[in-house]
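The structure under discussion appears below in the form of structure tokens.
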Amino acid sequence: MAIQKIVTYGHPALRRPAQKVEEINEEILQIVQDLKDTLTHIGGLGLAAPQIGIEKQIFIADLSILNDKQYVANKIVFINPELIFSSKKKEWDNEGCLSLIEVRGEVERSFKIKMKGLIPSNTTRTIEASGLFGRVLQHEYDHLLGKLLIDYFSKEDYDKNEIFIKKYFAENKKNLPEVME
Ligand SMILES: [Zn+2]
């Protein structure tokens with residue numbers, strides 16, 4: 001069991017597209033386990049590998065922690081996921097991110113999506129998701145593309161959160177040779 005440190009806004013891993021996983025080996029399974037341990041420890045709904053500084057196309061989503069019957073089955077580990085359908089119908093809702101913990105704002109997402117990818121047993125799975133589960137999958141998938149929730153914010157929401165966004169950026173700038181907005 002290994003709880004990893006979550007990297008915050010400004011860390012370059014959050015802005016670069018993640019690399020495709022070539023082979024599901026021990027190293028990849030360890031990353032999956034670390035993501036699970038870290039997410040359980042923090043209590044979020046999803047976590048992507050770039051958020052622990054690993055630029056690989058892996059994320060997990062788990063809504064079962066909400067203790068709500070309708071979300072019990074909503075969990076997945078996805079490796080090399082592809083978004084193969086996203087509905088034209090969209091919905092705005094409030095979102096947060098473990099890499100920008102105090103930041104909250106309205107993000108527009110497709111109401112329904114289909115995502116296809118590998119699961120750790122090396123089989124391909126396609127899932128259809130809507131509502132909150134679909135939203136979490138789209139949020140985590142974005143992490144693999146180097147996109148963040150603040151990219152969707154209205155100017156008003158951005159301004160409201162700017163003090164925290166700038167705080168993370170400044171912290172990373174002190175410690176890292178390269179930071180990325
Ligand atoms: Zn996030």
Side-chain angles (χ1 to χ4, degrees), residues 2-21 31-66 71 74-83 86 90-111 113 115 117 127 129-154 157-158 160-172 175-176 179-181:
I3 294 161
Q4 301 294 330
K5 188 176 177 293
I6 292 188
V7 303
T8 54
Y9 180 63
H11 192 291
L14 295 176
R15 280 310 199 187
R16 289 194 288 241
Q19 303 290 312
K20 207 166 178 159
V21 172
I31 295 167
V32 168
Q33 192 56 48
D34 287 355
L35 286 170
K36 285 181 176 173
D37 294 340
T38 307
L39 188 64
T40 304
H41 177 72
I42 294 183
L45 301 179
L47 189 62
Q51 292 184 278
I52 56 169
I54 295 168
E55 296 176 42
K56 291 188 190 298
Q57 293 179 18
I58 310 168
F59 75 69
I60 64 169
D62 185 357
L63 272 58
S64 67
I65 68 151
L66 294 172
Y71 299 127
N74 291 169
K75 47 170 150 182
I76 184 104
V77 174
F78 253 152
I79 298 164
N80 301 338
E82 289 170 67
L83 189 59
S86 39
K90 298 193 185 239
E91 243 180 11
W92 288 90
D93 205 353
N94 201 263
E95 271 186 36
C97 178
L98 293 172
S99 293
L100 286 131
I101 214 98
E102 301 94 339
V103 171
R104 308 263 344 163
E106 292 286 310
V107 175
E108 189 183 38
R109 302 276 185 197
S110 285
F111 176 70
I113 57 145
M115 209 175 266
I127 55 173
S130 57
L132 183 59
F133 191 40
R135 176 169 293 274
V136 173
L137 294 180
Q138 289 173 82
H139 178 114
E140 299 312 325
Y141 180 76
D142 269 357
H143 275 302
L144 307 184
L145 305 175
K147 280 170 89 174
L148 295 167
L149 78 170
I150 56 173
D151 302 342
Y152 297 89
F153 280 6
S154 65
D157 270 356
Y158 189 92
K160 221 163 44 189
N161 287 287
E162 195 175 19
I163 183 166
F164 299 114
I165 296 169
K166 293 228 156 115
K167 179 195 79 168
Y168 283 117
F169 192 76
E171 274 169 11
N172 278 306
N175 304 318
L176 293 169
V179 289
M180 288 168 84
E181 270 185 85

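Reckoned from all heavy atoms, side chains included, excluding hydrogens, waters and symmetry mates. Both ligands and their constituent atoms are indexed starting at 1 by order of listing. All values derive from a computational prediction rather than experimental measurement.
- Under the 3.5 Å distance criterion, the side-chain polar atoms of Ser99 are matched with a main-chain donor or acceptor of Val7.
- Counted by atom type alone, Glu171 and Asn175 present zero donor-acceptor pairs between their side chains at under 3.5 Å.
- For the pair Arg104 and Phe164, the cation-pi test (distance below 6.0 Å, angle within 45°) is failed.
- For the Zn ion (ligand 1), protein N/O/S neighbours under 2.8 Å (waters excluded) are Cys97 SG, His139 NE2, His143 NE2.
- The environment of NZ in Lys75 is sparse: at most 12 heavy-atom neighbours from other residues, nucleotides or ligands sit within 6.0 Å.
- Of the possible donor and acceptor atoms, one in the side chain of Asp37 sits under 3.5 Å from a partner among the backbone N and O of Ala2.
- Taking the six-membered ring where tryptophan is involved, the planes of Phe169 and Tyr9 are tilted, since the angle between them lies from 30° to 60°.
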